[in-house]
Amino acid sequence: MEMKRRLAAALVLALAACQVANSAPVIGTNDLMLRGGSIIDGSGNPRYRGDVAIQGDRITAVGFLGSATARETLDVSGLVVAPGFIDMMGQSEINVLIDNRVLSKITQGITTEITGEGGSVAPLTDQLAAADSDAMRKWHYREDWRDLNGYFAELERQGSSLNIATFVGATQVRLAVMGNENRDPTAAELSHMVALVDTLMEQGALGVWTALEYAPASYSKTEELIALARAAQRHGGIYASHMRDEGEQIDAALNELFRIAKEAHIPAEISHLKLSGRRSWGQMPRILARIDSARAAGLDVTADQYPYIRAATSLDASIPTWAESGGWDSLLIRLRDPATRARLRAEVLNPKTESFYAAAGGGAGVLITGTFQDSLRYMQGKTIAQIAAMRHRDPVETVFDVVLAEQGHRTDAVYAVMQESDVQAAMKQWWVSVNTDFGGVAPDGPLGAQSAHPRAYGTFPRILGHYARDGKLFPLEFAVRKMTSLAATRVGLADRGLVKPGMFADITVFNPQTVIDRATFEQPHQTSVGIEYVLVNGKLVLRKGQLTKERPGRGLRGPGYQSH
């Protein structure tokens, strides 16, 4: 009997100790308390009812926190408390300097964006900055930095509603050293490129990222990419790739990615995994099996995707990449030459490698979403087929005409290239995370006059609402893990992606019954609904669905960062 009494007393003391631990810090010292929510902590484990305490920029306690108090308490009963969502492929590195609200990201629960696909904020040269002078004048920003430290300093000065982390873009490195030339680098040039990757990894880049479907990255041989990947690997980074082909030649593109991962001994991430073009539709299960086989053989390969069947890129992506050798001026000269133009038209119609125009089924599948020249704004929201009919022109010739009329600036376009069953097959994979592949915008902001892809506003709520809740494609816990800890772990952001004591207080609170995307291709500038609260580094940037004035976002550094 005495033994039972002692055991009971010990159990009471243990429970009391747990209560004290969960209630820490001392009552009254918390800045914010989230009470009574369903916590989906990002690990993939089942949800549970509980409270979350926050002090400064960190989560201090999670669980039943009893009588613990805070300077502000939010009743989140009936809502889900999740880690802040991580966009594995955004494009907001310049957008945030133009409009630091980054509204379309925050209103879908994104607290951290990963950027740097091909092009990146650094390295930046005087010549590359000069090439952006028209954009800087139009959007009122300045590229005064030259390395990643400089960019993050500028980001801190401007302020941001979300965190930004970046890769070194292999395209950017090539441009800085070689320009737009269609050739292999010399030994000295390759050494220079590798040194740039080393330097930027030490400044906090997450890895090296290639965009091999576009010039001038398409000119790079695999050996060049392996050398850059090895530099990233030395600093704990990963290799991410918009692969060389996403359609009929996707197997060759996968082989290249597998080879780079193997020879550089580096984890590899397939950016916006898709099957592009009608002749490739239905093959996603086979492609997923190939990736699983590579994983089983010891390669660390994962992917990310956005939940839409249309892709977005520039209109000039319809033109064979060899025409951009030498840069934009060279492309425009070629388009003005009748013989070269005829050759290009023939290749667009009968491509030897993947062509966005052909993959979209021609002009009817290519929608203009944004023009640089205001005089061309009337084209936004129209397909190339519609514009060609208005102008009584051939659709391919119309593509060339628009590229010429933009006078060296890119035209944004959306291409109908994917199939829903392929999108869903990839989405159900536990190793596939989530991206928007679009920069942050706002309907009332300076970038609101441009059209957009609905993924800019709707990606994450679309997965939570349309696919997880309504379509029952997978449990909500599975979806949240894809959006949080999977992404954070992949890029080495060790203190984010989980609702757990000690982690940074990046938190998204949403209504599981109402969360949904509203943006469409016809009306893309529509914010999602059901995202109630968003915290970034412990500060409320979204309160009851409305943006606050807080701008606590930071530049996040990768695992190779060395502070000097």
Side-chain angles (χ1 to χ4, degrees), residues 213-214 245-250 272 274-284 306-321 323 331 335 341-373 375-406 409-424 437-438 450-456 458 462 517 519-526:
E213 204 165 6
Y214 307 119
D245 195 287
E246 298 174 318
E248 293 180 73
Q249 305 299 318
I250 191 171
H272 48 53
K274 68 170 74 71
L275 276 166
S276 179
R278 287 156 176 76
R279 288 188 285 191
S280 299
W281 287 358
Q283 295 189 51
M284 186 59 77
Y306 49 83
Y308 296 88
I309 60 172
R310 300 189 198 180
T313 187
S314 57
L315 184 62
D316 61 281
S318 293
I319 301 171
T321 58
L331 171 63
L335 288 177
R341 185 165 171 139
R343 176 188 168 189
L344 286 169
R345 181 178 182 276
E347 290 190 20
V348 169
L349 292 172
N350 298 285
K352 296 177 182 177
T353 58
E354 184 178 6
S355 160
F356 280 96
Y357 185 88
V366 183
L367 179 75
I368 300 298
T369 59
T371 63
F372 185 88
Q373 303 294 343
S375 61
L376 303 178
R377 195 62 54 81
Y378 74 93
M379 295 182 179
Q380 291 183 180
K382 296 181 176 64
T383 66
I384 285 295
Q386 290 171 329
I387 296 166
M390 291 166 55
R391 296 158 66 99
H392 305 289
R393 289 280 281 170
D394 172 82
V396 177
E397 295 292 341
T398 298
V399 171
F400 299 159
D401 291 343
V402 174
V403 171
L404 279 169
E406 287 278 38
H409 300 285
R410 296 195 184 279
T411 308
D412 297 324
V414 164
Y415 297 83
V417 296
M418 286 170 277
Q419 178 178 250
E420 180 66 21
S421 61
D422 287 330
V423 172
Q424 290 191 25
D437 195 7
F438 213 91
Q450 302 287 110
S451 189
H453 191 295
R455 67 193 186 196
R462 180 172 177 80
D517 59 309
T520 64
F521 287 98
E522 293 74 27
Q523 293 182 301
H525 285 288
Q526 297 188 85

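In this structure, Gln386 contributes its side chain and Thr383 its backbone to a donor-acceptor pair below 3.5 Å. In terms of modelled atom types and a separation under 3.5 Å, the side chain of His453 and the main chain of Pro524 share no donor-acceptor contact.
Here the CD atom belonging to Glu246 is positioned 3.5 Å from the NZ atom belonging to Lys274, to the nearest 0.5 angstrom. Taken from OG1 in Thr411 to CZ in Phe372, the straight-line distance is 10.5 Å, to the nearest 0.5 Å. How far CZ of Phe356 is from OG1 of Thr313: 5.0 Å, rounded to the nearest 0.5 Å. For the atom pair CD1 of Ile368 and CZ of Arg377, the computed distance is 12.5 Å after rounding to the nearest 0.5 Å. For the atom pair CZ of Arg310 and CE of Met418, the computed distance is 10.0 Å after rounding to the nearest 0.5 Å. Taking OG from Ser280 and CD from Gln249, the interatomic distance works out to 8.5 Å, rounded to the nearest 0.5 Å.
The two residues Ser355 and Val348 come nearest to each other via the heavy atoms OG-O, 4.0 Å. The shortest heavy-atom contact between Asp517 and Gly458 is CB-O, 3.5 Å. For Ala405 against Leu376, the heavy-atom pair with the smallest separation is CB-CD1, 3.8 Å. Taking every heavy atom of both residues into account, Ser318 and Val399 meet most closely at CB-CG1, 4.3 Å.
The environment of CZ in Arg391 is crowded: more than 12 heavy-atom neighbours from other residues, nucleotides or ligands sit within 6.0 Å.
For the pair Glu347 and Arg343, the salt-bridge criterion is met [side-chain N within less than 4.0 Å of a carboxylate O].
Counted by atom type alone, Tyr214 and Ser314 present zero donor-acceptor pairs between their side chains at under 3.5 Å. Of the N and O atoms on the side chains of Tyr308 and Arg455, not one donor lies less than 3.5 Å from an acceptor on the other residue.
Looking at residues two or more places apart in sequence or on another chain, you find a side chain to side chain contact (heavy atoms under 4.5 Å, CB included) between Glu397 and Arg341, Arg345, Arg393, Asp394, Phe400. Residues meeting the side chain to side chain contact (heavy atoms under 4.5 Å, CB included) test with Pro395, sequence neighbours left out: Tyr357, Ile384, Ala388.
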Pair Lys382, Leu367 - check side-chain contact (heavy atoms from CB on, under 4.5 Å), show working. CA-CA 6 Å; Lys382 296 181 176 64; Leu367 179 75; 5.5 Å; no
Working note: Leu275 + Gln419, criterion side-chain contact (heavy atoms from CB on, under 4.5 Å); need CA distance, chi angles, decisive distance, verdict. CA-CA 8 Å; Leu275 276 166; Gln419 178 178 250; over 6 Å; no
side-chain hydrogen bond (donor to acceptor under 3.5 Å, both in side chains) between Ser276 and Tyr415, intermediate numbers included: CA-CA 10 Å; Ser276 179; Tyr415 297 83; over 6 Å; no
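Screening Asp412, Thr371, Thr369 against Gln380 for a side chain to side chain contact (heavy atoms under 4.5 Å, CB included) leaves a single residue, Thr371.
Annotation: salt bridge (charged side-chain N to carboxylate O under 4.0 Å, His left out) contacts involving residues 362-371, sequence neighbours excluded, are absent.
In this structure, the side chains of Val402 and Met379 come closer than 4.5 Å at one or more pairs of heavy atoms.
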